[in-house]
Amino acid sequence: MEMVKLWVVLSLVMVILRPAYSEFPPTCNRIECPSYEVIDSGDGFEIRRYDSPVWASTAPIPDVSLRQATRAGFLQLFEYIQGKNIYNEKIEMTAPVITEVSPSDGPFCESSFVVSFYVPKVNQADPPPAKGLHVQRWNSTYVAVRQFGGFVSDENIGSEAAALDENVFDTKWGAAISKSRGGGSASIYTVAQYNSPFEFQGRVNEIWFLFDIEDVAAAHKFSV
């Protein structure tokens, strides 16, 4: 009975912590975040165009746990911004930290995770090199986004990704998103986290599906 009560309380807390959809992450009012334009929105999703962000990224991390892999990757990136790089240069903290998830095909197999730090604009022309990290320079990139509050966990992340998949499936973006993610039950997705683990209020997390806008135009014969 006590466990049932605890579950109810935790469920209520998660509802309270869930941000209103399309809430601008409060973290981005105090640290730099990549710029984007919202080009469409619908029930439980938003379509954004990101303005060529630059990321410092880890090598793929094999693990069965998103949380463990993200923690391991972030520790590398935190040392990097603290000056453990070829230039011995300290870099300002930004948001979000993103984790690209390439799910395994089976329940007991390791997935692959790449954890990335958004490089501030002042460093983007020449990001300090570092052992074990590489730079990703995105072109103008289209992303389907779902927001959710609270803390990211191995238990809730799959259902959040599935919810975004369901919300965009029958839209004009659905076919292009599915194609870009590889289709099937083990499709790639990205988790964006905007808050320090020590922040308990105003938490905003996102699921991202990156996709090619040309596939949308070809399928639906329209341009954005």
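Sequence positions, counted from 1, serve as the residue numbers for this chain.
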(message) Looking at Arg146 and Glu160, is any side-chain nitrogen of the basic one under 4.0 Å from a carboxylate oxygen of the acidic one?
(response) yes
(request) Answer whether the closest heavy-atom distance between the side chains of Val97 and Val115 falls below 4.5 Å. (result) yes
(message) Quick one, Ser35 and Asp51 - any side-chain contact, counting heavy atoms below 4.5 Å?
(response) yes
(message) On a heavy-atom basis, which atom in Ile188 and which in Ser102 lie closest, and how many Å separate them?
(response) CG1-OG, 3.8 Å
(request) Could you pull out the closest heavy-atom pair between Tyr189 and Pro103, with the gap in Å? (result) CE2-CG, 4.0 Å
(request) Mind running side chain to side chain donor-acceptor pair (under 3.5 Å) on Thr99 and Thr70 for me, showing each step along the way? (result) CA-CA 7 Å; Thr99 305; Thr70 299; 3.0 Å; yes
(message) Using a 6.0 Å cut-off, check whether atom CZ of Arg71 has over 12 heavy atoms from anything other than its own residue.
(response) no
(message) Quick check: closest heavy atoms across Val54 and Pro127, and the distance to 0.1 Å?
(response) CG1-CG, 4.3 Å
(message) Angle between ring planes, Trp138 versus Tyr50, binned at 30° and 60°: parallel, tilted or perpendicular?
(response) perpendicular
(request) Check the angle between the aromatic planes of Trp208 and Trp55 and answer parallel, tilted or perpendicular using the 30° and 60° thresholds. (result) perpendicular
(request) Verify whether one side chain among Asn139 and Ser52 offers a donor that lies under 3.5 Å from an acceptor in the other. (result) no
(message) Is there a side-chain contact between Arg203 and Pro197 in this structure, where contact means two heavy atoms from C-beta onward sitting under 4.5 Å apart?
(response) no
(message) If you count heavy atoms of other groups shown closer than 6.0 angstrom to CG of Asn29, is the number above 12?
(response) yes
(message) Within a 6.0 Å radius of atom NZ on Lys90, are there more than 12 heavy atoms belonging to other residues, nucleotides or ligands?
(response) no
(request) Using modelled atom types only, decide if a donor and an acceptor are shared between the side chain of Arg49 and the backbone of Val143 within a distance under 3.5 Å. (result) no
(request) Please say whether more than 12 non-hydrogen atoms of neighbouring residues, nucleotides or ligands are located less than 6.0 Å from CD in Glu199. (result) yes
(request) For Asn195 and Gly202, work out which heavy atoms get closest and say how close. (result) ND2-O, 3.5 Å
(request) Please check if the side chain of Asp165 supplies one atom and the backbone of Ala161 the other of a donor-acceptor pair under 3.5 Å. (result) no
(request) Please indicate whether Gln136 has more than 12 foreign heavy atoms, meaning atoms of other residues, nucleotides or ligands, lying under 6.0 Å from its CD. (result) yes
(request) Determine whether Ile91 and Pro120 make a side-chain contact, defined as any pair of heavy atoms from C-beta on separated by less than 4.5 Å. (result) yes
(request) Please report the closest heavy-atom contact between Asn156 and Phe151, naming both atoms and the distance. (result) ND2-O, 3.0 Å
(request) Go through Glu79 and Asn85 one step at a time and tell me if the side chain to side chain donor-acceptor pair (under 3.5 Å) criterion holds. (result) CA-CA 8 Å; Glu79 290 182 344; Asn85 54 65; over 6 Å; no
(request) Rounded to the nearest 0.5 Å, what's the gap from OH on Tyr194 to OG1 on Thr27? Could you check? (result) 9.0 Å
(message) Using modelled atom types and a 3.5 Å cut-off, is there a donor and acceptor pairing between side-chain atoms of Ser178 and backbone atoms of Gly174?
(response) no
(message) For a 4.5 angstrom cut-off between non-hydrogen side-chain atoms, does Thr190 reach Leu210?
(response) yes
(request) Please report the shortest heavy-atom distance between Phe113 and Val101, naming the atom on each side. (result) CE2-CG1, 3.7 Å
(request) State whether a side-chain donor-acceptor pair under 3.5 Å links Tyr118 with Gln124. (result) yes
(message) With heavy-atom distances below 4.5 Å as the criterion, would you say the side chains of Ile213 and Trp173 are in contact?
(response) yes
(message) Determine whether a donor-acceptor pair (N or O, by modelled atom type, separation under 3.5 Å) exists between the side chain of Asn205 and the backbone of Gly150.
(response) yes
(request) Given side chain to side chain donor-acceptor pair (under 3.5 Å), test Tyr87 with Asp126 step by step and report yes or no. (result) CA-CA 10 Å; Tyr87 300 161; Asp126 184 22; 3.1 Å; yes
(request) Check whether the side chains of Glu46 and Ser41 place a donor and an acceptor atom closer than 3.5 Å, and report yes or no. (result) no
(request) Please examine the side chains of Asp40 and Lys172, heavy atoms only from C-beta on, and report whether any two atoms are closer than 4.5 Å. (result) yes
(message) I want to check something: taking the side chain as every heavy atom from C-beta on, are Arg48 and Glu37 in contact at a cut-off of under 4.5 Å?
(response) no
(message) Check whether Gln76 reaches the backbone of Leu133 with its side chain - one donor and one acceptor, N or O, closer than 3.5 Å.
(response) no
